[in-house]
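Just so you know, ligand 1 is whichever comes first in the structure, and atom 1 is the first atom listed for that ligand. As the structure is a prediction and not an experimental result, all values here were calculated from the model.
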Amino acid sequence: MPYAPLPFALETERLTLRLWQESDAEGYRRLVSEREGDHASRTSGGPEPDGEPMSLDAALDDIRGARETAPGRGIHLLAMHPRGTDEFLGYCGLVIGRSTIDEPELAYELLRSAHGRGYATEAAAAVVEAARATGRRRLWATVGSWNAPSFRVLDKLGFRRDRTVVEDEAGEVVWTVLDLA
Ligand SMILES: CC(C)(COP(=O)(O)OP(=O)(O)OC[C@H]1O[C@@H](n2cnc3c(N)ncnc32)[C@H](O)[C@@H]1OP(=O)(O)O)[C@@H](O)C(=O)NCCC(=O)NCCS
């Protein structure tokens, strides 16, 4: 691979970003259930998700899978914690997503209790710098057109809107891009 691997740990002024650990499973499960509740309230007008909540075992399986596959791929999501604590806040990192390994997507998602404190911007700024250091020249982020907070995070990082597409599942999705070179 022509790129250096994304580090497995990053530090910011207030946050530690590090490879997922099994102790993140409960927080991760809560994050998924909040996401599904948000999705249900946007799409069906009700606050409750349709399916069963994620089990702790399923959360642990996802985390073990992420730990196994991360070293081979060179990009990954990192779990986010306030520095010096084990409190799970969410994650931030790089994924292939709708894009490519050469020009991956920036991704982030935080528990509701952690919103509004600048954490996503602080974590994502560190990931952008780490992505630049891997030798990549461009990053993307794809965002639902309804997601004003995420657009604001991307604005603060310098991403610009490139195009809008309509997908069957996700609806209107805006592709935003950041040139790193
Ligand atoms: C998007 C998300 C990660 C933002 O996390 P965060 O830590 O609250 O973000 P920050 O505090 O760094 O920045 C949020 C910015 O959006 C602004 N904002 C929040 N709600 C807003 C709204 N409804 N309209 C416009 N701006 C809004 C905030 O004021 C802040 O901007 P400011 O610093 O200029 O005041 C968080 O809302 C989240 O996890 N959402 C669910 C998952 C998700 O949507 N992930 C992104 C998928 S592309």
Trainee: Where's the contact between Thr121 and ligand 1, heavy-atom distance under 4.0 Å: side chain, backbone, both or neither?
Mentor: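 Both the backbone and the side chain of Thr121 come within reach of ligand 1.
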Trainee: Considering heavy atoms of the protein only, find what lies nearest to atom 21 (C) of ligand 1 and give residue, atom and distance to 0.1 Å.
Mentor: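 For atom 21 (C) of ligand 1, the nearest protein heavy atom comes out as Pro149 CG, 3.8 Å.
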Trainee: Considering heavy atoms of the protein only, find what lies nearest to atom 32 (P) of ligand 1 and give residue, atom and distance to 0.1 Å.
Mentor: Lys156 NZ, 3.7 Å
Trainee: For ligand 1, which atoms have a heavy atom of Ala148 less than 4.0 angstrom away?
Mentor: 22 (C), 24 (N), 25 (C)
Trainee: One residue to check: Arg117. Relative to ligand 1, which of side chain, backbone, both or neither has a non-hydrogen atom less than 4.0 Å away?
Mentor: backbone
Trainee: So which protein heavy atom does atom 11 (O) of ligand 1 come closest to, and at what separation?
Mentor: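 Result for atom 11 (O) of ligand 1: Gly118 N, 2.8 Å.
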Trainee: Show the numbers, then the answer: is there a side-chain contact (heavy atoms from CB on, under 4.5 Å) between Phe88 and Ser23?
Mentor: CA-CA 9 Å; Phe88 177 84; Ser23 54; over 6 Å; no
Trainee: Does the Lys NZ or Arg CZ of Arg14 fall within the cation-pi geometry relative to Tyr119 - under 6.0 Å from the ring centre and within 45° of the axis?
Mentor: no
Trainee: Yes or no on side-chain contact (heavy atoms from CB on, under 4.5 Å) for Val165 and Arg98, after CA distance, side-chain angles and deciding distance?
Mentor: CA-CA 12 Å; Val165 298; Arg98 296 177 174 90; over 6 Å; no
Trainee: Could you check atom 46 (C) of ligand 1 against the protein and tell me its nearest heavy-atom contact, residue, atom and distance included?
Mentor: Tyr108 O, 3.3 Å
Trainee: Tell me which protein heavy atom sits closest to atom 7 (O) of ligand 1, plus the residue, atom name and distance to 0.1 Å.
Mentor: Ala120 N, 3.0 Å
Trainee: Do NZ/NE/NH1/NH2 and the carboxylate oxygens of Arg67 and Asp24 come within less than 4.0 Å?
Mentor: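 So Arg67 does not pair with Asp24 through a salt bridge.
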Trainee: Mark up the atoms of ligand 1 that fall under 4.0 Å of a heavy atom belonging to Glu109, in ascending order.
Mentor: 39 (O), 42 (C)
Trainee: Identify, for atom 48 (S) of ligand 1, the protein heavy atom at the shortest distance, and state residue, atom and that distance.
Mentor: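 I find the closest protein heavy atom is Ser150 OG, 3.4 Å.
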Trainee: Apply the side chain to side chain contact (heavy atoms under 4.5 Å, CB included) test between Val143 and each candidate in Leu154, Thr164, Val173; give the one that qualifies.
Mentor: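 For Val143, the side chain to side chain contact (heavy atoms under 4.5 Å, CB included) test succeeds with only one of Leu154, Thr164, Val173, which is Leu154.
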Trainee: If you scan the protein for heavy atoms around atom 34 (O) of ligand 1, do you find one that is closer than 4.0 Å?
Mentor: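 Neighbour list for atom 34 (O) of ligand 1 includes protein heavy atoms (cut-off 4.0 Å).
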Trainee: For atom 8 (O) of ligand 1, what's the nearest protein heavy atom and its distance?
Mentor: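 Answer for atom 8 (O) of ligand 1: Gly116 N, 2.7 Å.
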Trainee: Numbering the atoms of ligand 1 from 1, which are under 4.0 Å from a heavy atom of Thr142?
Mentor: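 Counting atoms of ligand 1 from 1, those under 4.0 Å from Thr142 are 48 (S).
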Trainee: Apply salt bridge (charged side-chain N to carboxylate O under 4.0 Å, His left out) to Arg160 and Asp179, showing your working.
Mentor: CA-CA 9 Å; Arg160 62 180 163 79; Asp179 289 316; 3.4 Å; yes
Trainee: Which residue supplies the protein heavy atom nearest to atom 38 (C) of ligand 1, what is that atom called, and how far is it?
Mentor: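 Result for atom 38 (C) of ligand 1: His115 NE2, 3.2 Å.
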Trainee: Would you please determine whether Asp38 falls within less than 4.0 Å of ligand 1 on a heavy-atom basis?
Mentor: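 Contact check Asp38 vs ligand 1: negative.
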Trainee: Taking heavy atoms and a distance under 4.0 Å, where does Asn147 meet ligand 1: side chain, backbone, both or neither?
Mentor: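 Only the side chain of Asn147 comes within reach of ligand 1.
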Trainee: Which class fits the ring pair Tyr91 and Trp20: parallel under 30°, tilted 30 to 60°, perpendicular over 60°?
Mentor: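 Judged by the thresholds at 30° and 60°, the geometry between Tyr91 and Trp20 is tilted.
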Trainee: Would you mind telling me if ligand 1 is within reach of the side chain of Arg152, the backbone, both or neither, using heavy atoms under 4.0 Å?
Mentor: side chain
Trainee: Could you walk me through whether Val127 and Leu139 satisfy the side-chain contact (heavy atoms from CB on, under 4.5 Å) test, starting with their C-alpha distance in whole Å, then the side-chain angles of each, then the deciding distance to 0.1 Å, before giving a yes or no?
Mentor: CA-CA 11 Å; Val127 169; Leu139 292 182; 5.8 Å; no
Trainee: Is there side-chain contact between Ile63 and Gln21, with at least one heavy-atom pair below 4.5 Å?
Mentor: no
Trainee: Applying side-chain contact (heavy atoms from CB on, under 4.5 Å) to Leu56 and Glu26, what does each step give before you reach the verdict?
Mentor: CA-CA 7 Å; Leu56 194 57; Glu26 188 54 55; 3.6 Å; yes
Trainee: Test salt bridge (charged side-chain N to carboxylate O under 4.0 Å, His left out) on Arg64 and Glu22 and set out the steps.
Mentor: CA-CA 7 Å; Arg64 291 179 191 129; Glu22 294 190 4; 3.0 Å; yes
